[in-house]
Colleague: 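The structure under discussion is supplied below as C-alpha cells; questions concerning it will follow.
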Amino acid sequence: MAKKVLLIDGNSVAFRAFFALFQQVDKFVNQDGLHTGAIFGFNKMLDIILDEVKPDYAIVAFDAGKTTFRTEMFPDYKGGRSKTPSELSEQMPFIKKLVQAHGIKTYELPNYEADDIIGTLAKEADNSGYMTTVVTGDRDLTQLSTDNVTVSVTKKGVTEVENYDPVHVMEKYEITPAQIIDMKGLMGDASDNYPGVTKVGEKTAIKLLKQYGTIEGIYEHIDEFKQSKMKEHLIEDQELAFQAKKLATINQDAPIEIKLSDIEFKGIQTEELIELYRQLDFKSYLAKLDGEQISLDLDAALSEIEFTVLNQDNLNEVNQFNDEITLYVEMPDSNYHTSEFTGFVMGNNSHWLVSRDIDLLQSDEIKSVLESNDIKKNVFNAKAMTVALNRLGIKLNNLDFDLLLASYLLDTNDNSDDLGQVAHEHGFMDVMSDESVYGKGAKFAIPADQELFEHLAHKANAIDVLHEKLVKELETNEQTALYRTIELPLSNVLSKMEIRGIHVNADTLESMGSKLIERMSEMKQLIYQEAGEEFNINSPKQLGEILFEKMGLPVIKKTKTGYSTAVDVLEKLRADAPIVDNVLQYRQISKLQSTYIEGLLKVIHSTDQKVHTRYLQTLTQTGRLSSVDPNLQNIPIRLEEGRKIRQAFEPSHEGWEIFSSDYSQIELRVLAHITGDKNLQEAFIEDEDIHASTARRIFKLGPNDEINRDQRRQAKAVNFGIVYGISDFGLAQNIGITRKQAKMFIETYFEEFPGVKQYIDDIVGLAHQQGYVETLTNRRRYLPDIHAKNFNLRSFAERTAMNTPIQGSAADIIKIAMIKMEDALKDAGLQAKMLLQIHDELVFEAPAEEIPTLEKLVPRIMDSAVSLDVPLKVESAHGKTWYEAK
DNA sequence: AATGTCACG
DNA sequence: ACGTACGTGACATTT
C-alpha cells in the first residue's frame with residue numbers, strides 16, 4: 001500500500017482554532033493564566049486527523065517571519081493586517097511543543113511561508129507515488145490537490161474539514177486545481193492585501209476561466225472581447241492580475257533542507273504529552289490517554305502515603321480517634337441506595353485505616369465511633385455516607401465538614417461529584433480522580449488492594465487537608481450560616497426522605513401501560529395509513545422526511561441537523577393535515593409509556609415496593625435540588641392523561657393519605673420582597689389574584705373593570721417573563737403577539753412597577769461589578785460570561801443575574817422550611833412523614849386522622865420559614881393517592 | 001456522546 | 001444588528 005503523508009499548515013490551523021474558540025476565550029486559561037483555546041483546538045484537530053490518516057510521514061509547517069519572497073515582490077503583501085492577538089501568540093510555542101509531543105516534526109524556513117514548504121513536500125510525495133493529506137485553514141491551498149494529494153480545509157471550528165481533491169474542486173468551482181491560482185489572480189485577496197482586477201469576483205473569474213483556461217489565455221483573446229466595463233478593467237489591471245497570480249502561486253520548489261525521509265511519524269510520545277497536558281490543565285485529554293499508562297505515571301507523581309489495613313484483630317486501632325475523624329466509604333456506582341461497597345477509609349492526621357471488608361464497619365469498635373455524638377465526622381458527600389451507612393444499620397452522627405457541599409457553596413460552577421476532581425479545583429493535586437483509578441466504560445475495573453488502599457488514603461487525606469481552607473473561605477464569603485444551618489442539616493433531612501422512599505403501585509402502572517400500548521398501536525396504524533408507508537415515528541429525522549418532503553407541509557423551523565418537529569411547530573401545522581394531530585397524540589402517549597410507566601416500573605425496589613430517588617444537592621446553579629433515579633420532580637400534572645400517573649403513588653400504610661402543600665407564587669413574592677416594589681408588594685399584602693392585578697395595571701383598567709381571560713393569560717406570561725429576565729422577542733413568541741406589542745407590555749410593566757425596573761438595572765450592574773450575584777442566604781452564583789464580548793453569552797449572563805436571586809431565594813426558603821418541618825413533625829409526635837420536594841411543594845404521607853393537624857401545622861411552618869416584606873401563602877390538599885391530593 | 005423532544009417547577 | 005425567556009432529567013434515535 002502506498003505510504004501516507006500528512007502535511008499541516010500550522011499557522012492557519014492555529015488561527016482557525018483560536019477564533020473558533022474565541023467566544024470562550026476566558027474559559028480556556030490554565031493555572032498560570034496562559035490562554036489555551038487554540039492549543040486545545042489544535043490538539044483536537046491533531047487527534048482526529050492522526051486517527052483518520054494514520055500517516056507514515058508527517059510535518060507541521062509554520063511561517064518563519066514577516067518578510068518573504070512575496071513581500072520583496074510586493075511590499076504591501078499581508079499589510080494592514082491587525083497584529084496577532086497576544087492571547088494567540090503566547091500559545092504558538094506550546095502548539096509547537098504539542099506537535100512534537102505527538103511525534104511530529106515542526107519546520108519553518110526563512111523567507112518562505114508554510115504554504116511553500118507544504119507545496120514542495122507535496123510535490124515530492126506525489127512524485128514518489130505517496131498519498132498525501134494537506135490540512136489547512138486556507139482555501140488557496142486547494143491548488144495543490146491532485147489525484148494523490150487531498151487538501152482538507154477546516155470548516156467552522158477545526159474539527160470538521162472539507163476534503164478537496166480535483167473532483168471536488170471541479171464540483172465546487174467548475175475549474176481545475178491549477179486554475180484556482182488564476183482565479184485568485186483575477187480576484188486578488190483582501191486578507192493578504194493584494195488587489196486583482198477591479199470588479200471581478202469569484203463568479204466572473206470562473207466564467208472567464210471556463211472559456212479561456214488561464215489568465216494568459218484571457219489576455220491573448222482580450223481583443224475579441226465585446227466593448228464593456230469589464231474589458232476596460234481587465235486591460236487597465238493587467239499588471240495587477242499577473243502580479244496577483246504570482247503572489248497566489250505556491251512555490252513548489254522551495255529550498256528546504258528536509259526530505260520526506262526526515263519526517264517519519266514517530267507516534268505519540270506519551271510521557272512528553274502527559275507532562276504538557278498537565279502544564280496546560282487539559283484534564284479531559286489526560287484522562288483520555290491510555291488509562292494504565294496514566295495511572296502508573298500519575299501514581300508516581302503522588303506522594304507516598306502510609307496506611308494500616310484493618311482486620312478483625314487490630315480493630316482497637318480506631319480507639320485513637322476521640323475528637324474527629326475523616327471518613328470515606330467507597331462505592332463504584334453513583335447510586336448509593338444500591339451500589340456495592342468496595343472499601344472504606346477512616347482516620348485523621350495522616351493516620352489512615354483502610355479495608356475492603358465492609359462488615360468491619362458494623363463492629364462495635366467502629367460503629368461506636370461512627371454513631372458517637374462527640375466525635376466529629378469529616379466527609380465528602382454527607383448524604384451519600386448517611387444513606388450508605390444506614391444500609392448497614394449504622395447511624396452516622398455529628399457530621400461536621402462535607403467537602404462536596406462546601407465546595408458547591410463556594411462555587412457552583414466547576415463542581416463534580418468526584419472527590420479527586422473537586423480537590424484539584426481547590427489546588428490540591430495529591431489525589432487521583434476515580435476515573436483515572438478505575439477507568440471508565442468497558443475498561444472499568446476495581447484495582448488490587450495496594451492501589452485501592454492508596455487511593456482511599458489519598459482521598460481521606462484530601463478531605464483533611466482542604467477542611468480548614470474551605471471553612472475559611474466559607475467564612476470570608478459570609479456563607480458559614482448557609483452551610484451550617486441550611487445545607488448540612490438539609491442533607492440529613494434529604495437522606496431520611498430518600499431512605500423512606502414513596503410507595504408506587506406497580507399494578508396500577510401496568511394496567512395503565514397496557515391501555516396505553518393498545519392506543520399507541522392504533523395511532524401508529526392510523527399514522528402509517530396517512531403517511532402511506534411505515535416509518536419510525538419516534539425518529540425526528542424520519543418524521544421530518546414524511547411531513548416536509550413526502551407530504552410537502554411548510555417548514556416552520558429548522559434544527560441544526562434537519563427539520564424541527566417540536567410541538568410548537570406541529571401545532572402550527574395541525575390544520576394542514578390530520579396526521580399532525582395524530583403524531584402529537586402519539587408522542588404524548590409514547591412519552592407516558594416509556595418514561596413514566598416503563599421508567600418508573602424499572603426503579604421500584606422489589607423489597608418494599610417503593611422508589612427511592614436521589615436528590616442532588618450540589619448540582620444546580622441556583623440552589624434548587626434536582627432529583628434522579630427516578631426524577632420525581634417531573635411527574636405529569638398539566639394534562640389529565642398524564643396526571644393519572646399520580647394515581648400509582650400511594651401511602652405506604654393502610655388508612656394513610658398523601659398530603660401535599662405548595663407555596664403560592666413564591667417566586668413573585670420573593671421578587672416583591674427583593675425589589676421592594678410598593679405596587680407589587682401591595683398586591684400580595686392585599687392577597688389579590690396576582691396575574692389579574694398585573695393585567696389591571698398593564699392594560700390600564702379601572703378598579704371595577706372586568707379582566708377577561710386573555711388579558712389575565714397575557715399578564716401571567718409577563719409576570720413569568722419578568723422572573724426569567726424578559727426580552728420582547730421571548731414574550732412575543734410565548735404569547736403569540738408581535739414584538740412591538742410585547743415591547744409595549746414590558747415598558748408599561750416597568751412604569752407600573754418601577755421598583756422592579758430599578759432592581760433589574762441594579763442587579764445587572766452589581767453582577768458586572770463583582771462577577772457574582774447572591775440570594776437571601778448568601779448563596780452565590782458566579783457569572784463569568786457577564787464580561788463576555790459575545791452578545792449572546794453576555795445577555796444570557798445578565799438574565800441569569802436577575803433570575804438567580806429570585807429562583808435561588810425561593811429555593812432557600814423551602815430548604816429552611818424542610819429543616820423546620822422534620823423537627824416540627826417529630827416534636828408534635830406525629831407519624832406523618834415528609835416524602836418529596838418539588839421546588840415549591842412538599843409531599844407527605846400520614847395517617848388519615850393526622851390530616852387536620854397537618855392542615856394547620858405544615859402551612860404554618862412553611863409560611864414562617866423566613867420573614868419577608870410580603871406574606872407567604874401556602875395551599876394544601878390531600879387524598880388517597882398523590883393524584884387525589886389536588 | 002450528541003441531539004431532539006418533552007415532562008416538571 | 002446581534003437572537004432570545006430561568007432551572008432541571010429521561011428517553012429514543014443517531015453519530
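Numbers restart at 1 for each chain; the letters A, B, ... are given by sequence-line order, proteins then strands.
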Colleague: Can you check the distance between C/dC2 and B/dT5, where both ends of the measurement are the P atom (answer in whole Å)?
Modeller: 24 Å
Colleague: Counting any heavy atom closer than 4.0 Å, what does A/V723 reach on the DNA or RNA strands: base, sugar-phosphate only, or nothing?
Modeller: nothing
Colleague: Looking at every strand, decide which applies to A/L592 at a 4.0 Å heavy-atom threshold: base, sugar-phosphate, or nothing.
Modeller: nothing
Colleague: Step through the shown structure and confirm whether more than 12 heavy atoms of other residues, nucleotides or ligands are within 6.0 Å of NZ on A/K524.
Modeller: no
Colleague: So does A/K815 pair up with A/E487, basic N to acidic O under 4.0 Å?
Modeller: yes
Colleague: Rounding to an integer number of Å, can you tell me how far A/L584 CG sits from B/dT5 C1'?
Modeller: 12 Å
Colleague: With hydrogens left out and only the distance checked, is there a donor-acceptor pair under 3.5 Å joining A/Q633's side chain and the base of B/dC8?
Modeller: no
Colleague: Let's test your reading of the model: under 3.5 Å, does the base of C/dA12 pair with the side chain of A/N538 as donor and acceptor?
Modeller: no
Colleague: Going by atom types alone, do A/S661 and A/S876 pair a side-chain donor with an acceptor below 3.5 Å?
Modeller: yes
Colleague: Of the candidate nucleotides C/dT8, B/dG9, B/dA7, which contains the atom at the shortest distance from the side chain of A/Y596?
Modeller: B/dA7
Colleague: Would you mind checking if A/K757 and A/D761 are paired as a salt bridge, meaning a charged N to carboxylate O distance below 4.0 Å?
Modeller: yes
Colleague: With a non-hydrogen cut-off below 4.0 angstrom, is A/S590 in contact with a base, only sugar-phosphate, or nothing?
Modeller: nothing
Colleague: Answer whether the closest heavy-atom distance between the side chains of A/I658 and A/E884 falls below 4.5 Å.
Modeller: no
Colleague: Using a 6.0 Å cut-off, check whether atom NZ of A/K716 has over 12 heavy atoms from anything other than its own residue.
Modeller: no
Colleague: Quick one: label A/N631 by what it contacts on the DNA or RNA (base, sugar-phosphate, nothing), any heavy atom closer than 4.0 Å.
Modeller: sugar-phosphate
Colleague: Select base, sugar-phosphate, or nothing to describe what A/N734 touches, counting heavy atoms under 4.0 Å on all strands.
Modeller: base
Colleague: Measure the distance from CD on A/E641 to P on B/dC8 and round it to the nearest whole Å.
Modeller: 12 Å
Colleague: Categorize A/A801 for me: base, sugar-phosphate, or nothing, with a 4.0 angstrom heavy-atom threshold over every strand shown.
Modeller: nothing
Colleague: With respect to the side chain of A/P540, which nucleotide from B/dG9, B/dG4, C/dA12 is positioned closest?
Modeller: B/dG4
Colleague: Whole-Å distance between C/dT15 P and A/Q542 CD?
Modeller: 10 Å
Colleague: Taking 4.0 Å as the cut-off, does a side-chain nitrogen or oxygen of A/T565 come that near to OP1 or OP2 on B/dT5?
Modeller: yes
Colleague: Looking only at side-chain N and O atoms, does A/S626 come under 4.0 Å of OP1 or OP2 in C/dG9?
Modeller: yes
Colleague: Of the nucleotides C/dC11, B/dG9, C/dG7, which has the atom closest to the A/R781 side chain?
Modeller: C/dG7
Colleague: What nucleic acid atoms does A/I838 come within less than 4.0 Å of, heavy atoms only: base, sugar-phosphate, or nothing?
Modeller: sugar-phosphate
Colleague: C/dA12 C1' sits how many Å from A/M520 CE, rounded?
Modeller: 12 Å
Colleague: Should C/dC2 form a Watson-Crick or G-U wobble pair with both distances under 3.5 Å, which nucleotide is its partner?
Modeller: none
Colleague: Is A/G599 touching bases, backbone alone, or none of the nucleic acid, heavy atoms closer than 4.0 Å?
Modeller: sugar-phosphate
Colleague: Given B/dA7, C/dC6, B/dC6, identify the nucleotide with an atom nearest to the side chain of A/N634.
Modeller: B/dA7
Colleague: Just compare C/dT15, B/dG9, B/dT5 and give me whichever is closest to any side-chain atom of A/R624.
Modeller: B/dG9
Colleague: So, is A/T561 close to the B/dG4 phosphate, meaning a side-chain N or O under 4.0 Å from OP1 or OP2?
Modeller: yes
Colleague: If we take the C1' atom in both B/dC6 and C/dG3, what is their distance in whole Å?
Modeller: 23 Å
Colleague: Does A/S564 place a side-chain N or O at less than 4.0 Å from the phosphate oxygens OP1/OP2 of B/dT5?
Modeller: yes
Colleague: Mind checking A/S627 for me? I need base, sugar-phosphate or nothing, with any heavy atom below 4.0 Å counting as a touch.
Modeller: sugar-phosphate
Colleague: Under 4.0 angstrom, heavy atoms only, what part of the nucleic acid is A/Q733 near: base, sugar-phosphate, or nothing?
Modeller: nothing
Colleague: Within a reach of under 6.0 Å around CD of A/E518, are more than 12 heavy atoms found that belong to other residues, nucleotides or ligands?
Modeller: no
Colleague: Describe the nucleic acid contact of A/L625 in one word from base, sugar-phosphate, nothing, applying a heavy-atom distance below 4.0 Å.
Modeller: nothing
Colleague: Less than 4.0 angstrom between a side-chain N/O of A/R638 and OP1 or OP2 of B/dC8, yes or no?
Modeller: yes
Colleague: Tell me whether A/K515 at atom NZ has more than 12 heavy atoms from other residues, nucleotides or ligands lying less than 6.0 Å away.
Modeller: no
Colleague: Side-chain N or O of A/R739 less than 4.0 angstrom from OP1 or OP2 on C/dG3?
Modeller: no
Colleague: Please pick, from B/dT5, C/dA5, C/dC11, the nucleotide with the shortest atom-to-atom distance to any side-chain atom of A/A717.
Modeller: C/dA5
Colleague: At less than 4.0 Å, is any side-chain N or O atom of A/R799 found next to OP1 or OP2 of C/dC6? Yes or no.
Modeller: yes
Colleague: When the distance from CD1 of A/I597 to C1' of B/dA7 is rounded to whole Å, what number comes out?
Modeller: 14 Å
Colleague: With sugar-phosphate meaning primed atoms plus P, OP1 and OP2, does A/E667 contact a base, only sugar-phosphate, or nothing at under 4.0 Å between heavy atoms?
Modeller: nothing
Colleague: Measure CG/A/L671 against C1'/C/dA5 and give the value in whole Å, please.
Modeller: 15 Å
Colleague: When the distance from NZ of A/K558 to C1' of C/dG3 is rounded to whole Å, what number comes out?
Modeller: 19 Å
Colleague: What I want to check is whether an N or O donor and acceptor connect the side chain of A/S539 with the base of C/dT13 at under 3.5 Å.
Modeller: no
Colleague: Whole Å only: how far is the CG atom of A/D785 from the P atom of C/dC2?
Modeller: 21 Å
Colleague: Is A/Q593 close enough to C/dC11 that one of its side-chain N or O atoms is under 4.0 Å from OP1 or OP2 there?
Modeller: no
Colleague: Are any of the side-chain nitrogens in A/R624 or A/E667 under 4.0 Å away from the carboxylate oxygens of its partner?
Modeller: yes
Colleague: Quick one: on DNA chain C, does A/D629 or A/T622 contact a more 5' nucleotide (nearest heavy atom)?
Modeller: A/T622
Colleague: Over all strands shown, is A/L616 touching base, sugar-phosphate only, or nothing at heavy-atom distances under 4.0 angstrom?
Modeller: sugar-phosphate
Colleague: Given C/dG7, C/dA5, B/dC6, identify the nucleotide with an atom nearest to the side chain of A/F720.
Modeller: C/dA5
Colleague: Do any side-chain nitrogens or oxygens of A/S795 fall under 4.0 Å of OP1 or OP2 in C/dT4?
Modeller: no
Colleague: Taking OP1 and OP2 of C/dC2, is either one under 4.0 Å from a side-chain nitrogen or oxygen of A/N790?
Modeller: no
Colleague: Look at the side chain of A/S727 and decide which nucleotide, out of C/dT8, C/dT4, C/dA5, has an atom nearest to it.
Modeller: C/dT4
